[in-house]
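To start, the structure under review is shown below, and the notes come after it.
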Amino acid sequence: MTTQERTEAERYQPQDVERRWQERWAESGLYRIPDHVPGRENWYALTMFPYTSGDLHIGHWFAMAPSDALARYRRMRGHNVLFPIGFDAFGLPAENAAIKGGSKHPMDWTMANIDRMRGQLKRMGAMFDWEREVNTSAPEYYRWTQWWFLQLYKMGLAYRAEAAANWCPFDQTVLANEQVVDGKCERCDTPVVQRLMEQWFLRTTHYAEELLDNEGLDWPEHVKLMQRNWIGRSEGAEVSFALEAPTEDGTDEIRVFTTRPDTLCGVTFMVLAPEHPLVRQLTTPDRREAVEAYLDAAARATEIERQSTERPKTGVFTGAYCVNRLTGDRVQIWTADYVLYTYGTGAVMGVPAHDQRDFDLAREYDIPVKVVIAPAGWDGADLEAAYTEPGTMVHSGQFDGLPSEQAKKAITDYLEGQGWGRARVVYRLRDWLVSRQRYWGAPIPMVYCDECGIVPVPESELPVALPYDVEFKPTGESPLARSDEFVNVACPSCSGPARRETDTMDTFMCSSWYFMRYPDARNEAMPVSSEAATAWLPVDQYTGGAEHATMHLLYARFFYKAARDAGIVPGDEPFTRYFAQGQILGPDGRRMSKSRGNVVAPDGQVERWGADTFRAYLMFLGPWEQGGPYDVDGIVGVSRWLHRVWSLVTAPPELVDAPEDEGSQALLRAAHRTLERVTDDLERYRMNTMVSALMELTNAMQRQRESGATDRRAWEETVRLLALMLGPACPHLAEELWSRNGGAYSVHEQAWPMPDPALLREERIEIPVQVNGRVRDRVLVAADASEEAVRAAALASERVAEHLEGREVARVVYVPGRLLNIVLK
RNA sequence: GCCGGGGUGGCGGAACGGCAGACGCAGCGGACUUAAACUCCGCGGCCGCAAGGCGUGAGGGUUCGAGUCCCUCCCCCGGUACCA
């Protein structure tokens, strides 16, 4: 067939192909997944659901299309694969849109976005089971988020405590961290302060040990490591220091946590976090002004600034003293912002000789430095920096001479015997603050009654529904607090007048259990039945961005453990396998954003190139876990390739019965080698090299077609394998080619083929020959050639011989089947 | 700052410790075409006529052999608990 004839043949028209098959798939219910299919094991594949921001972003495609490919591959491997989708629909942007735009209600804004995004998602051609769609802002969903909150409360995992929030004094409202820019309110530039208020917490620390133990999870090591560091387990001691003068409310001690009880005798000062309630109680009148000024300044610093080791240490003396019970030393009490109130006891002992931060502060303010652990060979001179290594105890009374590692236990035991302290483990992980002073979230189902106190809303009264008519303007209270209709309620316990909790829940609550809902998305009696839970949970394969490594993924693990303890879900972990995909960037290599003007809309790409091309390009452009820039010019290469695929299948070479034809057999071998590579790449989430391998195969087909008549069986087998291998990445085109070749509907229900080992074997292989590690020639030998044979072939090479001339061979390194290296003396 | 990841041709990237640059984009040359587009064939790390030399962020180390392992440093990206 000539080029001209081929151009007259039917062209590949992706829009047409994709529309037809999407309709057929929907009509035939190809992606409606029952809970059980005889002979097929269930596989739960999950991609993180999108936040309802308005339009599907390229990032969503980058997350979902490869995930869909993996799900389709699993299906072809014989599983009954659930691949659901939904919407993370509560959150700040909806409320901001209402405040800024002024016209759109968060619910209307969100619902309109969902409608638009659903349409965009459908053009992706993913195997989503739309029957199971969830929307976290729908009362049918959030009633169960509220139900979970009640279960956690019953289990003692929810409690109220004071916590600080960003407060804008002008707008009289709480700000999210991202609304604070350079310490100021993004709306009005007013300096933001920290304000304490009563809020709800979930006791994530209850599961700290279990969350720490993530070794068994089939997750990326770096994500597991980040989680372990985030949880941050530290062993040490809690130590009580006696206040010289008790406070008005009778407090007579300061409790500190230290990982270095061995340095206790080296304490020369005490530091309280600025938020510590004792600071104001202890400050002496002459220090009042300085301390208040310091606390004001500290309330404006971010935690990141406060923990910087580069920023000069600051602090202020409160004027008060306490006593180191072990030594009887009188110790100054300071407050300094490098001490965090949220960690340990919010107070630390200052041991400048053996802690660098304490050393820095002591230097800054001329506080004495007392060495209690001698470095090897120490001559008693002043230290230039804190000595933080182990050593021998000195200036520590009865503990002198002990190795410091032993002294940790000895001192802790002694303190415990005296009632002055105890061994303790603390975590960097904090309990989860779930209260949000906002409208667009699931209301916390609690009622405050003057008679009965805190009363949970009875489960039968769920959902506590969000009222539609509310005022969004920032006014000092959350919108719900201004809704009389919402706030005023009869106490569920005594029926007297009571007030509803007006805070809503962190949206991470909604996303911590959505994957438990998909298995039973329409259940009105329970969040999930035990039948559906055992059919699908835990998730076999979760995929999503690494930016969720420590928050969403840790919250979800916490939630699952609580759900397990409530007897609702099987297993201990929500996600058996997790893969962290990278982030797609703008063509300029920076994060896509409207303000940078580097946003590429996926809709435009789909319209211009078709969904299959766009999908394959996203998989092709780099390793999935790395992400990278989206180059709008590169996609044409994938488009050309798929047109070529189309042409090869619809306009084959002359097909003859020629099983002996060398070119045809080489093509068949190439097809089976490709199958082996593609299978391996899919198992390892390497969709970029999978596409490359498929391109190489089509290049080989092209060469074969140009070379003339081809053995029918070899060609047809190659085409059959190609259609099957295209299934995961390019589901529409694969279906079309499969059907045109007489394959039974649907290609997506076919079994994944296995390569024929006989066709994978090579007869002759090329071995590079190095001299002193540099390649000088390559020799062709039998695949099973012995080392001697390879050596002989190498020495027979003229090019090798040139480099050996007049030199003596020191050794020869042979890597079987890979390489020969001749090392000269 | 701290925690995690990354840095390879003009660009995206490939490479069980073993031939650096597969597969593409862009570019160049050619075929087809009245012409352009499409398509197809060929050439492309750098220096050099060649032989050869030099090349994977910088510097050191281990090894017969390092993009890959170890140490120090630089730069970029993600997270840092109220963006999701």
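Each chain gets a letter, A, B and so on, in the order the sequences are listed, and its residues count up from 1. Keep in mind that the numbers below use all heavy atoms, side chains included, and drop hydrogens, waters and symmetry copies. None of the values given here were measured: they were computed from a predicted structure.
Note on ring orientation: taking the six-membered ring where Trp is involved, the planes of A:Tyr617 and A:Phe620 are tilted (angle from 30° to 60°). In this structure, A:Tyr542 and A:Tyr514 have tilted ring planes: the angle between them lies in the 30° to 60° band.
With both pairing distances under 3.5 Å, B:C16 is matched to nothing as a Watson-Crick or G-U wobble pair.
The side chain of A:Asn688 has B:G13 as its nearest neighbour among B:C64, B:A26, B:G13. Comparing atom distances between the A:Pro623 side chain and each of B:C38, B:A84, B:G13 picks out B:G13 as nearest. Ranking B:C64, B:G24, B:A14 by closeness to the A:Met695 side chain, first place goes to B:G24. The nucleotide whose nearest atom lies closest to any side-chain atom of A:Arg640 is, among B:A26, B:G18, B:A14, B:A26. Side chain of A:Thr507, nearest nucleotide from B:A84, B:A20, B:C64: B:A84. The nucleotide whose nearest atom lies closest to any side-chain atom of A:Arg818 is, among B:G18, B:G24, B:G78, B:G18. Side-chain proximity of A:Phe508 to B:G18, B:C64, B:A84: nearest is B:A84. Of all nucleotides listed (B:G79, B:A22, B:G18), B:A22 comes nearest to the side chain of A:Ser692. Nearest nucleotide to the side chain of A:Val813, out of B:C23, B:A15, B:G18: B:G18. Comparing B:U80, B:G12, B:G18 by their closest approach to the side chain of A:Leu621 singles out B:G12.
When heavy atoms are screened at a 4.0 angstrom cut-off, A:Gln199 is found touching base atoms of the nucleic acid. Among the protein residues, A:Val174 comes within range of the nucleic acid bases, having at least one heavy atom under 4.0 Å from a base atom.
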field: Verdict with supporting geometry, A:Ser647 and A:Arg705, side chain to side chain donor-acceptor pair (under 3.5 Å)
entry: CA-CA 11 Å; A:Ser647 156; A:Arg705 184 170 71 174; 3.0 Å; yes
task: Determine, step by step, whether A:Phe515 and A:Phe49 satisfy the ring pair (Phe, Tyr, Trp, His ring centres under 6.0 Å) criterion, reporting the C-alpha distance in whole Å, the side-chain angles of both residues, the deciding distance to 0.1 Å, and the verdict.
output: CA-CA 9 Å; A:Phe515 54 92; A:Phe49 66 168; 9.5 Å; no
- request: For the pair A:Phe201 and A:Trp432, evaluate ring pair (Phe, Tyr, Trp, His ring centres under 6.0 Å) and give the outcome as yes or no after the intermediate values.
  value: CA-CA 5 Å; A:Phe201 286 83; A:Trp432 178 7; over 10 Å; no
message: What does the B/S/- profile of nucleotides 50-62 of chain B look like, 5' to 3', with a 4.0 Å heavy-atom cutoff to protein?
response: --SSS--------
- request: Assign a letter to each nucleotide of nucleotides 1-10 of chain B from its 5' end: B, base within under 4.0 Å of a protein heavy atom; S, sugar-phosphate only; -, no contact.
  value: B-SSS-----
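If you take CH2 on A:Trp230 and CG on A:Leu553, they are separated by 12.0 Å, rounding to the nearest 0.5 Å.
Looking at A:Glu501 and A:Arg160, a side-chain N of the basic residue comes within less than 4.0 Å of a carboxylate O on the acidic one, giving a salt bridge.
When only modelled atom types and interatomic distance are considered, A:Asn166 and A:Gln194 share a side-chain donor-acceptor pair under 3.5 Å. Residues A:Gln605 and A:Tyr630 bring a donor and an acceptor atom of their side chains to less than 3.5 Å of each other. Side-chain atoms of A:Thr507 and A:Trp440 include no donor-acceptor pair closer than 3.5 Å.
In terms of position along RNA chain B, the nucleotide closest to A:Leu819 lies nearer the 5' end than the nucleotide closest to the other residue of the pair A:Leu819 and A:Ala165.
Contact check, A:Arg644 against B:C40: a side-chain N or O comes under 4.0 Å of OP1 or OP2. For A:Asn772 and B:C64, the shortest distance from a side-chain N or O to OP1 or OP2 is not below 4.0 Å.
Spacing between B:G78 and B:C11 at atom C1', rounded to whole Å, works out to 23 Å.
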